[in-house]
Amino acid sequence: MENLSDLLLIRRQKLQKIIDLGINPFPNRVKRTHTITDLIEHKEDYLKKAEKVIITGRLIAMRRQGKIGFANLMDESGKIQLYVRKDELGEENYELFKLLDLGDFLQVAGSCFLTQRGEYSVKAENIKILGKNLRPVPTVKEKIVAGEKQRYDEFADIELRYRKRYLDLLLNPQIKQNFVLRAQIIREIRNFLDKRGFLEVDTPILQPLYGGAFAKPFVTHHNSLNIDLYLRIAIELYLKRLIVGGFEKVYEIGKTFRNEGMDRNHNPEFTLLELYEAYADYNDIMDLTENLIRSTAEKVLNKKVINFQGQEINFNDPWRRASMLDLIEQETGFDVSDFDFERIKTFCDKKGIEIEPSATTGKLIEAIFEHFVEKKLIQPTFVTDFPKDISPLAKANPDNPQLAERFELFINGDEFANAFTELNDPIDQRQRLEAQAKLRELGDVEASVVDEDFLESLEYGMPPTGGLGIGIDRLIMLFTDNTSIKEVILFPQMKPEK
RNA sequence: GGUCCAGUAACUCAGUGGUAGAGUAUCUGCCUUUUAAGCAGAGAGUCGAUGGUUCGAGUCCAUCCUGGAUCACCA
């Protein structure tokens, strides 16, 4: 700490010296005629024309050499070398140059030329400071060895990278790319849906009741209404109200909050896409999901087959569709289609699958699926027809009333989407929610609560509807080949430092 | 929450019980085409925290904090 304040003190002293020279270290006005990449892309032109250019950026390297100096300036578009001569700048301006630190923002006027070593550079005629750095930025050095870029003293501490993301972005340009891709993916999803006539909407994040998923909510309080409100755990129930209201295709991409554990796949706030299409069922939604993800990969990554952690994921071939019960039987030889609670429970006990006391038959089946099947689904697979009792918002399968018309999409052993033929029978829906409420009384803290306002809306009539939810962060992890959700969320939740 | 691993200078790291180290960064000096610039010198640390063992602890032990991996949990 002592040492750090020394470093900080030195910067503040330099700041004062700059002010004493009559220079404003934080001026309001800036002039820039070119980005650095402009200069690089039209290198030949600027070398020939010797035209005067003004560039801006952050000082990221400095090699002073008596009465001359070399420096590297970086703007968002790229980096370029500056060549600075005392006899070119003049006494006063060179005095400023000598007071600069790495991390300062500069406006540099000059012209392009090649150094003796052949490096394309800007010969500075005037340097203006645009913002003084007061805290040393960690230095990462790069050297080109046999055409390969080697990095030294990389800013690599994972904890620091997440806690000080601005430094991570500044010092690790490849990290920035994750977030550029993130933006492109989300934009492409919007394009895809907009083109198909979906309307993007915004529904409440603060909700008097929460629903649409099994999860523990965050609770907050509204002072003037004097009521507790919940941060939404899903978007579902409000979007369905919009389908009741006559919109036929709606979607929302937004933050959702679940008050649960955090790990490489879970952040307490995450981005969810939900969409609802009237007069569609879960088969239609499977087609839509497949097209959405394939076309996003094609548009953003320009690929139909991607590589994730060394594993090829093929989005191109028609995606496998298999029912949960069939998959379980294939993997285990055990047939659960009779829904015999005792028999299935015995199987779970024998296989060492732990079950909560409040578990229903459907939960047992799901547990078997998760234990034996899930991780084996590497190529995109729609797992269809879930037990009805764990799918309280999905319509029953007409061929088997124990099952619901629901699918989840699995890729590389992880869940990417969850969708149903939505239940639009208000009486059935009430019974299902009341069954959930009963589970809740028995101690299942994640069971749904009864949302009377939602049930009332269904009584006015909701058309047959297909609905879909996709975890956007996980999709971005897949597309950017990252195994931690923290790598695709700019400011992931961290415990406060003590 | 369980298990394992890590935490030493601003950054990257070395240091297996005996005087806290290196490179980079910073500061001073020299240097008019360098590029991980160079040369010479200097300053910089509550070794994550708290206890303990010991003549002596960065090092061994315990507890805690933070992060990571993994398992459990979790649509």
Side-chain angles (χ1 to χ4, degrees), chain A residues 1-11 13-14 60-72 79 81-88 94 101-103 113-119 121 123 135-145 149-164 167 171 212-216 233-234 236 256 258-266 268 272 353-354 356 363 366-367 369-370 374 383 386 390-394 406-410 414-420 445-446 469-471 474 483-484 486 492 494-498:
Chain A
M1 267 342 237
E2 190 84 35
N3 167 51
L4 183 59
S5 45
D6 276 358
L7 293 175
L8 295 185
L9 200 65
I10 288 161
R11 302 266 158 145
Q13 286 166 353
K14 286 190 181 178
I60 55 163
M62 174 87 103
R63 296 175 291 282
R64 282 199 43 228
Q65 213 182 105
K67 296 185 182 62
I68 67 160
F70 295 88
N72 293 353
K79 306 174 199 177
Q81 176 169 273
L82 304 177
Y83 174 51
V84 181
R85 297 173 61 101
K86 188 175 184 179
D87 55 15
E88 193 84 35
Y94 198 75
D101 287 305
L102 299 186
F113 79 113
L114 290 180
T115 64
Q116 282 182 3
R117 295 287 177 95
E119 174 141 353
S121 308
K123 184 186 284 183
R135 189 177 288 266
V137 176
T139 38
V140 177
K141 298 230 163 187
E142 288 177 355
K143 185 188 186 181
I144 312 282
V145 178
K149 189 186 282 181
Q150 305 243 353
R151 309 189 88 219
Y152 298 82
D153 297 342
E154 218 158 348
F155 183 75
D157 183 281
I158 292 177
E159 186 174 352
L160 274 181
R161 284 187 42 232
Y162 297 153
R163 286 192 193 279
K164 301 193 188 299
L167 292 180
L171 298 167
F214 297 146
K216 286 170 241 166
I233 59 172
E236 176 137 0
T256 306
R258 296 188 186 175
N259 205 340
E260 293 166 349
M262 295 154 54
D263 59 32
R264 54 146 78 184
N265 286 311
H266 298 83
L272 192 60
I353 300 172
E354 277 181 49
E356 283 172 43
K363 276 229 170 188
E366 186 187 36
F369 172 79
E370 286 172 359
E374 214 175 82
V383 176
F386 281 54
I390 56 166
S391 312
L393 298 166
R406 169 179 176 186
F407 73 80
E408 287 189 354
L409 170 64
F410 285 85
D414 285 324
E415 182 202 329
F416 282 83
N418 184 20
F420 334 123
V445 289
E446 294 185 342
I470 293 181
R474 291 195 190 166
T483 56
S484 169
K486 290 189 167 77
M494 301 288 277
K495 281 198 202 180
E497 287 174 289
K498 290 213 166 169

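Proteins come first, then strands; the chains are lettered A, B, ... in the order of their sequence lines, and each starts at number 1. Just the heavy atoms: all of them, side chains too, but no hydrogens, waters or symmetry mates, feed the values below.
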Output a table of nitrogen or oxygen pairs between the protein and nucleotides 12-15 of chain B separated by less than 3.5 Å.
from: B/rU12; atom 1: OP1; to: A/D157; atom 2: N; distance (Å): 3.2

Given the structure, check if the side chain of A/R85 and the base of B/rU32 hold any donor-acceptor pair shorter than 3.5 Å.
yes

Check: A/F410 ring centroid to A/F416 ring centroid under 6.0 Å
no

Please name all residues satisfying side chain to side chain donor-acceptor pair (under 3.5 Å) with A/R161, sequence neighbours left out, ordered by chain then number.
A/D168, A/E487

With respect to the phosphate group of B/rA37, does any side-chain polar atom (N or O) of A/R63 fall under 4.0 Å of OP1 or OP2?
yes

Across the strands shown, which category fits A/R406 at heavy-atom distances under 4.0 angstrom: base, sugar-phosphate, nothing?
base

Say you pick atom C1' in B/rA49 and the same atom in B/rU12; how far apart are they, in whole Å?
24 Å

A/D414: salt bridge (charged side-chain N to carboxylate O under 4.0 Å, His left out) partners, not counting sequence neighbours
A/K375

Polar atoms only, N or O, under 3.5 Å: list the protein pairs with nucleotides 40-42 of chain B and their distances.
none

Mind checking A/Q150 for me? I need base, sugar-phosphate or nothing, with any heavy atom below 4.0 Å counting as a touch.
nothing

Any idea which of B/rA69, B/rA37, B/rA10 is nearest the A/P138 side chain?
B/rA10

Rounded to the nearest 0.5 Å, the CZ atom of A/R258 sits from the CG atom of A/L272 at a distance of 6.5 Å

Taking OP1 and OP2 of B/rU70, is either one under 4.0 Å from a side-chain nitrogen or oxygen of A/R264?
yes

Under a 3.5 Å cut-off for both distances, is B/rC60 Watson-Crick or wobble paired, and to whom?
B/rG52

Residues two or more places apart in sequence or in another chain: which of them pass salt bridge (charged side-chain N to carboxylate O under 4.0 Å, His left out) with A/E415?
none

Closest to the A/R163 side chain, choosing from B/rU33, B/rG67, B/rU34
B/rG67

When you compare the protein's N or O atoms with those of nucleotides 47-49 of chain B, which come within less than 3.5 Å of each other, and at what distance?
none

Residues in side chain to side chain donor-acceptor pair (under 3.5 Å) contact with A/E159, at least two apart in sequence or another chain
A/R163

Residue matched to B/rC31 through Watson-Crick or wobble contacts both under 3.5 angstrom:
none

Nucleotide N/O to protein N/O under 3.5 Å, stretch nucleotides 25-28 of chain B:
from: B/rA25; atom 1: OP1; to: A/K141; atom 2: NZ; distance (Å): 3.0
from: B/rA25; atom 1: O4'; to: A/T139; atom 2: OG1; distance (Å): 3.4
from: B/rC27; atom 1: OP1; to: A/K14; atom 2: NZ; distance (Å): 2.3

Applying side chain to side chain donor-acceptor pair (under 3.5 Å) to A/R406 and not counting sequence neighbours gives A/S391, A/E408, A/N418

Is any side-chain nitrogen or oxygen of A/R117 closer than 4.0 Å to OP1 or OP2 of B/rU35?
yes

Counting only side-chain heavy atoms from C-beta out, which of B/rU33, B/rG67, B/rA37 sits nearest to A/K495?
B/rG67

Using Watson-Crick or G-U wobble geometry with both distances under 3.5 Å, which nucleotide pairs with B/rU3?
B/rA69

Just to verify, what does A/K486 make a salt bridge (charged side-chain N to carboxylate O under 4.0 Å, His left out) with, not counting sequence neighbours?
none

Side chain to side chain donor-acceptor pair (under 3.5 Å) with A/R63: which residues, sequence neighbours excluded?
A/N72, A/Q81

Pairwise P distance, B/rC55 and B/rG68 [rounded to whole Å]
41 Å

Of the listed nucleotides B/rA75, B/rU33, B/rG68, the one nearest the side chain of A/Q65
B/rU33

Could you tell me whether A/F113 contacts a base, only the sugar-phosphate backbone, or nothing, with contacts defined as non-hydrogen atoms closer than 4.0 Å?
base

Partners passing salt bridge (charged side-chain N to carboxylate O under 4.0 Å, His left out) against A/K14 (at least two apart in sequence or in another chain)
A/D101

May I ask you to verify whether the side chain of A/E119 and the base of B/rU35 hold a donor-acceptor pair under 3.5 Å?
yes

At less than 4.0 Å, is any side-chain N or O atom of A/K486 found next to OP1 or OP2 of B/rG68? Yes or no.
yes

